[in-house]
Amino acid sequence: ESVAHAGENVLGKFRDGVLPVTPEAVTLILKCIDHIRALLGDLEETGEEPEGEDSELIAELNAMADGKAAPAAAPAPAPAARPSASGPSTNEFGAPVAAELLAEVEAAVPAKAPKKEPAKADDGKAKEPSVANSSIRVHVDVLEDLMTLVSELVLTRNQLLQMVRGMDDSEFTVPLQRLSHITSDLQEGVMKTRMQPIGNAWAKLPRIVRDLSVESGKQIELVMLGAETELDRQVLDLI
């Protein structure tokens, strides 16, 4: 909690424009995020905070928040965290930001921007958000069960088609054709829910390259092409 609050103070100064967002400042924030992730990992395994204290890191964060130069420190290596389904967000320096830590920070440090009136359409009604609630998270087991049910449906469809094959005047021909099209569309839709961008496989590279750039004192340009190409989740896990 203390480390998170110290980090929030720095982020609040960034948000308000009091402090400039420099590579050194971003390095310190990433160090804070890594440390919180490590603490949460120990809490998850043991149910207790690990031994030791965090006064040095908190002092660096408080010094940064006060506008004082924090002691130079090498960037902490990127933790081997589980890949996110949606891929990491990145800041202007190309460093990924952990979504679940970031969500807590945003909740604890509310934005102070003035409230704006909703955009008005020509008819005087407020426009609906175009991307609001555009995605949800579904457990993998739910998708697996749904895929199994669709597979059973496909098998049943094939059996019914085999039964009426050769019966040109059967009253079941038209309904079965319609059922066949619906089943195919449903199978394709379920398959798409399992697809994820291949960029998730190398989502850690921006952070690794940034740390390497800071350590070596050289500018490194990272170019990633084809990250939006989608693969089945199981194939992506193997990669």
Side-chain angles (χ1 to χ4, degrees), residues 1-113 199-224 227:
E1 181 184 11
S2 300
V3 175
H5 280 311
E8 290 167 8
N9 292 336
V10 178
L11 291 175
K13 296 293 182 67
F14 291 162
R15 180 200 60 209
D16 297 337
V18 177
L19 290 177
V21 183
T22 63
E24 293 76 16
V26 173
T27 298
L28 183 59
I29 290 297
L30 292 176
K31 181 179 178 181
C32 173
I33 293 176
D34 290 344
H35 193 72
I36 293 176
R37 184 183 288 112
L39 291 174
L40 292 176
D42 290 338
L43 283 170
E44 184 179 9
E45 293 180 1
T46 65
E48 298 179 355
E49 287 193 22
E51 296 181 358
E53 45 85 25
D54 312 303
S55 59
E56 182 178 352
L57 176 58
I58 294 175
E60 293 183 28
L61 291 168
N62 290 337
M64 178 67 69
D66 294 337
K68 302 177 182 179
R82 290 186 293 270
S84 172
S86 59
S89 301
T90 58
N91 55 29
E92 59 180 315
F93 296 98
V97 181
E100 71 276 8
L101 296 168
L102 192 55
E104 295 176 0
V105 171
E106 292 175 348
V109 187
K112 296 182 179 179
N200 291 349
W202 61 71
K204 299 177 183 177
L205 281 179
R207 174 66 186 281
I208 295 175
V209 170
R210 183 188 187 278
D211 290 343
L212 180 61
S213 175
V214 174
E215 291 176 358
S216 62
K218 298 181 179 180
Q219 292 186 352
I220 304 177
E221 180 181 6
L222 175 64
V223 179
M224 299 185 293

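We number each residue from 1, following the sequence as shown.
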Applying side-chain contact (heavy atoms from CB on, under 4.5 Å), run through Leu57 and Lys31 and close with a yes or a no. CA-CA 9 Å; Leu57 176 58; Lys31 181 179 178 181; 4.0 Å; yes

Residue pair [X] / [Y]: nearest heavy atoms and the distance that separates them:
X     : Y     : result
Ala6  : Ile58 : CB-CG2, 4.2 Å
Ala4  : Ile36 : CA-CD1, 3.8 Å
Ala25 : Pro20 : CB-O, 4.4 Å
Leu19 : Ala65 : CD1-CA, 3.8 Å

Using side-chain contact (heavy atoms from CB on, under 4.5 Å), reason through Glu60 and Leu28 one step at a time and then give a plain yes or no. CA-CA 8 Å; Glu60 293 183 28; Leu28 183 59; 3.3 Å; yes

Side-chain donor/acceptor of Arg210 to backbone N/O of Pro23, under 3.5 Å: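 Yes: the side chain of Arg210 pairs with the backbone of Pro23.
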
Is there a donor-acceptor pair under 3.5 Å between the side chain of Ser213 and the backbone N or O of Val209?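 Answer holds: no.
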
Output the distance between atom [atom1] ([X]) and atom [atom2] ([Y]), rounded to the nearest 0.5 Å.
X      : Y      : atom1 : atom2 : result
Met224 : Leu205 : CE    : CG    : 6.5 Å
Ile220 : Ile208 : CD1   : CD1   : 11.5 Å
Glu49  : Glu1   : CD    : CD    : 9.0 Å
Asp34  : Thr27  : CG    : OG1   : 10.5 Å
Glu8   : Cys32  : CD    : SG    : 8.5 Å
His35  : Leu40  : NE2   : CG    : 10.5 Å

Step-by-step side-chain contact (heavy atoms from CB on, under 4.5 Å) determination, Leu61 to Asn9: CA-CA 8 Å; Leu61 291 168; Asn9 292 336; over 6 Å; no

For side-chain contact (heavy atoms from CB on, under 4.5 Å), just list the numbers for Asp211 and Arg207, CA-CA rounded to whole Å, side-chain angles, deciding distance to a tenth of an Å, and then say yes or no. CA-CA 6 Å; Asp211 290 343; Arg207 174 66 186 281; 3.2 Å; yes

Please tell me whether Ser55 and Glu53 have a donor and an acceptor in their side chains that are separated by less than 3.5 angstrom.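 Per modelled atom types, Ser55 and Glu53 side chains form a pair under 3.5 Å.
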
